[in-house]
Amino acid sequence: MHKLTFRISHLCAFPLLLLLFLLSFNAEAQILGAPAEKQDKEEKIPEDALGRRSPRGTVTGFIDAMSDQNYSRAARYLEFSSISDQEEREEIVQVLLRLLDQGGDILPYSLISKNPEGRTDDNLDQDTDRIGSVSADGEVIDILLVQTRDENAYPVWLFSEESLSQIASLTLDRRALVNRIMPEFLENRIWGGVPAGQWIIAILLIFLSYALAWSLISFITFLLPRIFKAAKEDPVSGIIGALKLPLMLYAAVWIFVIFSRNLGLSIIIRQKFSVLTIIIGIAALLILLWRLSDFLGRYSQQKMILRGNPAGVSIVLFLQRAAKIAIVIFGIIAILGILGIDVTTGLAALGIGGIALALGAQKTIENFVGSVTLIADRPIRVGDFCRVGEILGTVEKIGVRSTRIRTLDRTLVTIPNGVFSPDPIKNNATREKFLFHTFFNFRSATSPYRLRFFLAKLRKVFSTHPKVFTEPCRDGFFGLCSSPWD
């Protein structure tokens, strides 16, 4: 008996790692089984007519009162323990407004806490929140809100008296730039507590900011391919193309914010537009993710086609669509949250629906995960002769849900891709050698001389053949057995 081993060429292919978008959302839900005393206590606190139960309500109410030019109502959002004169309080309110117009900033409404307890992660006292700052006379003063008690001993948030006393000591040397360049007839006409000219300038500033951002980003994208050769080819050129529009939007937002503050636009206008700037920022992020999803999907499909892997194209298309759906859901939830709409109930319902869907489509999800594993790990390919469990045959198609194998008796077996994960796969097509194991039978009358001569000739063939490995090549006489030729 002897053993022969043949070399078979093996071609390796490296799978493309697909981008996986993880989207995480923070939602607050009321804990079931909370102490009854705490719930009763919270329910007994009535709504404040001025909306001062939370920091966001206080800031919103103060800005609305200023836009109505109701300084008496605006003063009720400020903490006054040492000033009882109403005229003096209203004067401080107007000073605060002028300082905010020319050198102040207030956080966008969406970034100010709407919880009655305020923010707990800002390294400030529990009853203190920072909502902005004022710059004048070379000083920067934080604007703080403090939680205090109203006339009925209920908690309310007010502008800190300490911040007001520091702000009252500041002086303004000149009028805001926007008021100096504005025609008098536009300055005297008031829209929403702000001169009409400021609204017009704000709208013009939006277009100017986008024009500047477009010019800047276009110049950079024009210059990059001429400086870096890699920027002309994929994947770098595709990534640059995906970044172009989102960067324009981000740059336009920052230019608008900087210009509006330096021009001295009213804090009322800036707060009105703060929601818009946050939404544009979120939209820019969503557009970036959407474009990256398109580019990565297109790029991966081209790679799969070049490798002759149609199943991989199907997987890429599925992942691309799933990523886009996730982007849309994330965008809707984020924008609703910015607009002040409570999405907690919707997230809870979405989570319950997702669990029910996952349970109902458990096998489908299992098969899809198996498909992704087949594409990424590539234990088998179309045309491979393999064994999966008890099934032996040639792979004809690898689909999104199942794989088809043509058996030795020419039947077509469809195997769900989820079965490939637990079952062992024996792929004969990837062998670099295979064992040739056979017996030669001789008549019992054959002489020992002829057997030794035959083995010597056979050993010579083995040693000179280019496709036979000499190690572990063995041959020899193994024994006597019954023979039909005797």
Side-chain angles (χ1 to χ4, degrees), residues 1-16 303-312 370-371 373-399 402-486:
M1 185 202 68
H2 63 277
K3 299 179 183 179
L4 299 177
T5 51
F6 289 87
R7 183 191 303 271
I8 297 178
S9 62
H10 177 59
L11 181 63
C12 298
F14 294 93
L16 180 66
K303 292 294 184 181
M304 293 295 178
I305 292 172
L306 291 175
R307 293 177 180 177
N309 190 354
S371 302
T373 303
L374 287 176
I375 299 302
D377 194 37
R378 295 182 68 85
I380 58 173
R381 292 176 294 177
V382 174
D384 288 352
F385 184 75
C386 64
R387 178 187 292 276
V388 181
E390 298 298 325
I391 300 172
L392 180 66
T394 303
V395 179
E396 288 197 350
K397 182 180 179 181
I398 302 176
S402 61
T403 297
R404 297 177 184 176
I405 295 180
R406 182 76 65 178
T407 63
L408 296 179
D409 58 0
R410 306 310 297 162
T411 58
L412 191 63
V413 179
T414 301
I415 306 176
N417 289 333
V419 176
F420 281 88
S421 297
D423 283 355
I425 301 174
K426 182 180 179 181
N427 192 343
N428 296 325
T430 58
R431 296 183 301 183
E432 60 177 357
K433 315 170 188 175
F434 71 87
L435 176 66
F436 184 76
H437 185 198
T438 187
F439 288 92
F440 289 96
N441 296 316
F442 296 88
R443 293 180 182 274
S444 58
T446 305
S447 65
Y449 170 76
R450 288 182 177 275
L451 287 177
R452 285 193 293 270
F453 179 77
F454 175 78
L455 290 176
K457 290 293 184 181
L458 192 62
R459 193 173 296 113
K460 182 178 180 181
V461 172
F462 293 164
S463 62
T464 58
H465 200 286
K467 290 188 177 181
V468 177
F469 282 82
T470 56
E471 292 294 337
C473 178
R474 296 186 298 271
D475 60 82
F477 177 77
F478 282 86
L480 300 174
C481 63
S482 61
S483 172
W485 296 293
D486 289 337

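- The two residues Lys397 and Val382 come nearest to each other via the heavy atoms CA-CG2, 4.3 Å.
- For Arg406, the side chain to side chain donor-acceptor pair (under 3.5 Å) partners are Glu396, not counting sequence neighbours.
- Shown here are the side chain to side chain contact (heavy atoms under 4.5 Å, CB included) partners of Phe454, two or more places apart in sequence or in another chain: Phe440, Phe442, Leu458.
- Listed here is the closest heavy atom pair of Leu408 and Phe385: CD2-CE1, 3.6 Å.
- Counting only residues at least two apart or on different chains, no salt bridge (charged side-chain N to carboxylate O under 4.0 Å, His left out) pair has a member in residues 383-395.
- A search for side chain to side chain contact (heavy atoms under 4.5 Å, CB included) contacts involving Ile391 returns Ile405, Thr407, Val413, Ile415, not counting sequence neighbours.
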